[in-house]
Amino acid sequence: MNYNFREIEAKWQKFWAKNETFKATNNSDKLKFYALSMFPYPSGAGLHVGHPLGYIAGDIYARFKRHKGFNVLHPMGYDSFGLPAEQYAIQTGQHPAITTETNINRYREQLDQLGFSFDWSREVRTSDPKYYKWTQWVFIQLFNSWYNKASDKAEDIATLISIFDKEGNTHVEASCDEDTPLFNAKDWSGFSEKTKQEILLKYRLTYLADTEVNWCPALGTVLANDEIVNGVSERGGHPVIRKKMTQWSMRITAYAQRLLDGLDTIDWPQPLKDSQTNWIGRSEGASVTFKVKDHDASIEVFTTRPDTIFGASFMTLAPEHNLVSRITTKEQKEAVETYVEATAKRSERDRMADVKTISGVFTGAYAEHPFTKEPVPIWIGDYVLASYGTGAVMAVPCGDQRDYDFAKHYNIPIPNIFEGVDISEEAFADKTNTIIANSDFLNGLSYKEATSKVIAELEKLGQGEGKINYRLRDAVFSRQRYWGEPFPVYYVDGMPQMIDLEHLPLELPEVEKYLPTETGEPPLGNATHWAWDAKNNKVVSNEMLKQVRDDGHSELDSESYEGVYPLELNTMPGWAGSSQYFNRYMDPHNDETIYSEEAIGYWQDVDLYIGGSEHATGHLLYSRFWQKFLFDRGIAPKDEFARKLINQGMITGTSAIVFRIKNEDRYVSLGLKDKYSTDPLRVDVSLINPSDELNIDGLKKWQPEFKNADFILEDGKYIVGREIEKMSKRWFNVVNPDTICEEYGADSLRLYEMFLGPLEQSKPWNTAGITGVHSFLKKLWKLYGALNDIEPSAENLKTLHKTIKKVEEDIESFSFNTSVSTFMICVNELTSQKCTSKSILEPLAILVSPYAPHIAEELWERLGHSESIANEAFPEFEEKYLVESTKEYPISFNGKLRFKLELPLDMGKDEIEAVVMAHDKTKEQLQGRKPKKVIVVPGKIINIVG
RNA sequence: GCCUCGGUGGCGGAAUUGGUAGACGCGCCGGAUUCAAAAUCCGGUUCUUUCGGGAGUGUGGGUUCGAUUCCCACCCGAGGUACCA
């Protein structure tokens, strides 16, 4: 009987679905194990062979843990809001929900055919109102919270209000907007309700603020930095300007330090931790206040080198700095305004990309040096970014290359404040070998000493303090898009109001068009039913609002008209839905709470999270932020959601190249191409056989341009060139898992993906190699052809147990590629031993089952079992079967292996030396020389020196 | 520029704390089976060689009886990041 993988795989996939073999329970006496793979965005292109790599690894681990007796949670779902579906909707008018549904069904078919042990009863989709109800709910919790720096956690906004009632905000230590005014308890009680709301908004963890964004008027939307190329939109090439817009933001900066500290507590890859660390960008230094001469104003700067303050010969403000217009003198007004305008036209990325051009303008104003009281000229320059620090720097040209270049360019003095350092060519930025000079009370001090001294002096003057600055900025949370979560927000008198939980979800409205409105509002502005009736708590027609406007009343008066208010028109960004989905899987159908305490009390957190490294500073940072918030508010028991994380590497494609002779319809084989002048052309990789030979008939049918082409062959074959590059439709090198499954089966594909190499590494795909693992499966199948209850031989047991040991170690260390080799060795050995013993072949089936679950189930059934193999206990390794009595020692001379000698393992060092030295081959090697030294490591090696 | 990861046969890769470099698989070569092919099975396959051997894990040094493994300097590739004050 042959190995009929198509029949076997279909049979067991049906069996698992029907019996809900992988359904996890939320209460169990077993230990829990939560294995999670990042859920996909269901794109129209479907899966290629690179996508399942991480899923296969996660599935092997999940199945292994099941064999080890754990209650395993291994869910899957879809991150189903997103741009491609919306883009398609704009082009075709098809509702993104329909596109998304179609794509999900396709994904599900592809995933099912790979035999994953997912608990599909827990599937979530971020675009499902039942799911995004809870995304909206978390948003509301963030809105109703503030960050108390004293307790170092998020608290209910009510506790902040009671502090304001008692003592105003003068003493409270909270994360809040920079421009928050100070007030006392009496002020607070005198504020109007609207003023109170405005002030609270400055403290809430999600808040409305005017944010500078990249606005593309032609597209009617905000663009992310990477959607802009050379100052114009990547799509369409439309101009982009920077514009202030009122947007929802997330106060992630409140968590900067905890996000940094938490990295030490989790087992994540170092490069990923490093990129989060860099992204958060903590720097220690001081804030220094410079008074502006002849103005009632001061400029605060942040510097990491307060020790160099006596070297400050000018200051530079970002052109957007709000003091610029105030302090600029009449004479400089025109020049400054021209410069500011020119800068506004450039995107921030544009400015950052152009590092070489030095530009700036003198404002005409001077600041006063805190210590010398000397005037310091104030310049503006676009090398200072408004969004970092305070948007102003004290320029120390002798110690900072950018300041140095600027000073050189504009002939500003460069005082040297370093002892024995030449600064005629470049600035001296070394902190470690610094001795400060020409600096009054700092003379002779090191960087460290000078820094603490100057901070103390600044504090005495009330003009500065030690400060820690973060590069991390609050995250803009509004998108001018249709296909995202609606905010559960309506506006009364311009102030945002949250919709109560019992009325959630607030579902996306239907719209005629998915583009921005003619008046520049987001797509939701096209909805005709998008107003909130606050009395009846439901979405109503915009007509209810319209009446108000038609009456000549302003929108703000709408309260008097039936309590109907406008709803928020923005939607949430892509990362909203993925920031807590791992918790929702624990109790995905709960309609009363986000998840029950029982469910999260049992599952706690993710034990193993597998996904791509491209999410390092997006999803993985935002999720950690949300988790810490949920932890602070008592909603989650752990403040890190994933203990261990693994990044699977990319699988690259192996493109196939034919060589067209220039200006001819002829193609030349790889080996002969140097005789002609040729252009390389990529062709579909499915036309190539394992020996790099081209299927010429197939090519002629593939695309019309090859129909009448001639081919110059070598040895009767056309050999293609190969190039390793990213798997992409445009290179025709995408390999679809469906065709692999059809030809070789899912078990072969699973094994081969693991066999390619270490999980974390990027590696090229080459379909040809799959025959190796496929014939391994055939050999495995054959091994179970004749089964009996014969006692296994010592040899059989040795093979089995060394396999158990190696495979278990490999899985625990995520070294799945070496397990596959181990299986091959095992099957090769058992085949040559003609092993038929069930007591060997039963445990072997279990060992193989995490990797190749379909064949394992089938073999298990043939072994006479009626239950699934999935929950069988993993075989126990027993050392005793591996104990050897002899060892084949390598005998080296000066570190080079010369011959081998079998000796008993219990032979002592001296005895070994004696036997080896007496050996004929040793004498032959030494040729009469006397060895200087003989190294004997029992059980390992013998090395003779001399 | 900075940070991180990597560099081993024709190819993917293995070598667990410094101890037999190249496991396992692909490809290739030879053979068996077959009318023939596919499939299957067996043998070989780092390079070089005067068949004794010699060289060899990106390059050059070092530590060691012994280095793919540890240390120093450099080269190359991939990814991340960048006027961050």
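Proteins get letters first, then strands, A, B, ... in listed order; numbering begins at 1 in each. Please read these numbers as outputs of a predicted model, since none were measured by experiment.
- For B/rA14, there is no paired base (Watson-Crick or G-U wobble, both distances below 3.5 Å).
- Here B/rU40 sits opposite B/rA32 as a Watson-Crick or G-U wobble pair (both hydrogen-bonding atom distances under 3.5 Å).
- B/rG9 takes the syn form, because its glycosidic angle lies no more than 90° either side of 0.
- In this structure, the nucleotide among B/rG12, B/rC24, B/rU20 sitting nearest to the side chain of A/K763 is B/rG12.
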Could you write out each protein N or O paired with an N or O of nucleotides 65-70 of chain B at a distance under 3.5 Å?
unit_1 : atom_1 : unit_2 : atom_2 : d
B/rC65 : O2'    : A/N943 : ND2    : 3.2
B/rC65 : O2     : A/N943 : ND2    : 2.8

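- Between the C1' atom of B/rA38 and the CG atom of A/N2 lies a distance of 14 Å, rounded to the nearest Å.
- Taking atom NE2 of residue A/H619 and atom P of nucleotide B/rG80, one finds them 18 Å apart after rounding to whole Å.
- When each of B/rU81, B/rA85, B/rG19 is scored by its nearest atom to the side-chain atoms of A/K940, the top-ranked nucleotide is B/rG19.
- Across all strands shown, A/E809 has heavy atoms under 4.0 Å from base atoms, whether or not it also approaches the sugar-phosphate.
- If you take atom C1' in B/rA67 and the same atom in B/rG18, they sit 6 Å apart, rounded to whole Å.
- Checking B/rG25, B/rA85, B/rA23 against every side-chain atom of A/F755, the shortest atom distance belongs to B/rG25.
- Between B/rA85 and A/S283, a contact under 4.0 Å exists linking OP1 or OP2 to a side-chain N or O.
- Applying the 90° cutoff around 0 to the glycosidic angle, B/rG80 is assigned anti.
- The nucleotide whose nearest atom lies closest to any side-chain atom of A/A768 is, among B/rC26, B/rC84, B/rC24, B/rC26.
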Just the table, please: protein N/O against nucleotides 39-43 of chain B N/O, every pair under 3.5 Å.
unit_1 : atom_1 : unit_2 : atom_2 : d
B/rU40 : OP1    : A/K778 : NZ     : 3.4

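- Using a 4.0 Å heavy-atom distance criterion, A/P758 is classed as a sugar-phosphate-only contact.
- Remark: the backbone N or O of A/T652 is not paired with any side-chain donor or acceptor of A/K763 at under 3.5 angstrom.
- If you check B/rC2 for Watson-Crick or wobble pairing at under 3.5 angstrom, you find it paired to B/rG80.
- Counting all heavy atoms, side chain and backbone alike, A/P377 lies closest to A/S313 at CD-O, 3.4 Å.
- Listed nucleotides: B/rG13, B/rA85, B/rG25. Nearest to the side chain of A/Q761: B/rG13.
- With a cut-off of 3.5 Å on both Watson-Crick or G-U wobble distances, the partner of B/rA67 is given as none.
- Side-chain contact of A/T617 with A/Y622: a donor-acceptor pair under 3.5 Å is absent, judged by distance alone.
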Salt bridge (Lys or Arg N to Asp or Glu O under 4.0 Å) between A/E465 and A/K467: does it pass, once the steps are laid out?
CA-CA 6 Å; A/E465 59 189 343; A/K467 196 181 171 181; over 6 Å; no

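- Residue A/N828 is in sugar-phosphate contact alone, with no base atom involved, counting any heavy-atom pair closer than 4.0 Å across all strands shown.
- Residues A/I688 and A/A656 share a closest heavy-atom pair of CG1-CB, 3.6 Å.
- Within the structure, a side-chain polar atom (N or O) of A/N817 is placed less than 4.0 Å from OP1 or OP2 of B/rA14.
- Atoms CH2 (A/W765) and C1' (B/rG25) sit 13 Å apart, rounded to a whole Å.
- Separating the CZ atom of A/R473 from the C1' atom of B/rA82 is a distance of 12 Å, rounded to the nearest angstrom.
- Each of B/rA85, B/rG25, B/rC84 was ranked by its minimum atom distance to the side chain of A/R471; first place goes to B/rC84.
- Picking from B/rA85, B/rG13, B/rU20 the nucleotide with the shortest atom distance to the side chain of A/I941 gives B/rU20.
- Using the Watson-Crick or G-U wobble rule with both distances under 3.5 Å, B/rG27 pairs with B/rU45.
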Take A/T822 and A/S819 through the side-chain hydrogen bond (donor to acceptor under 3.5 Å, both in side chains) test and state the conclusion after the steps.
CA-CA 5 Å; A/T822 304; A/S819 293; 5.6 Å; no

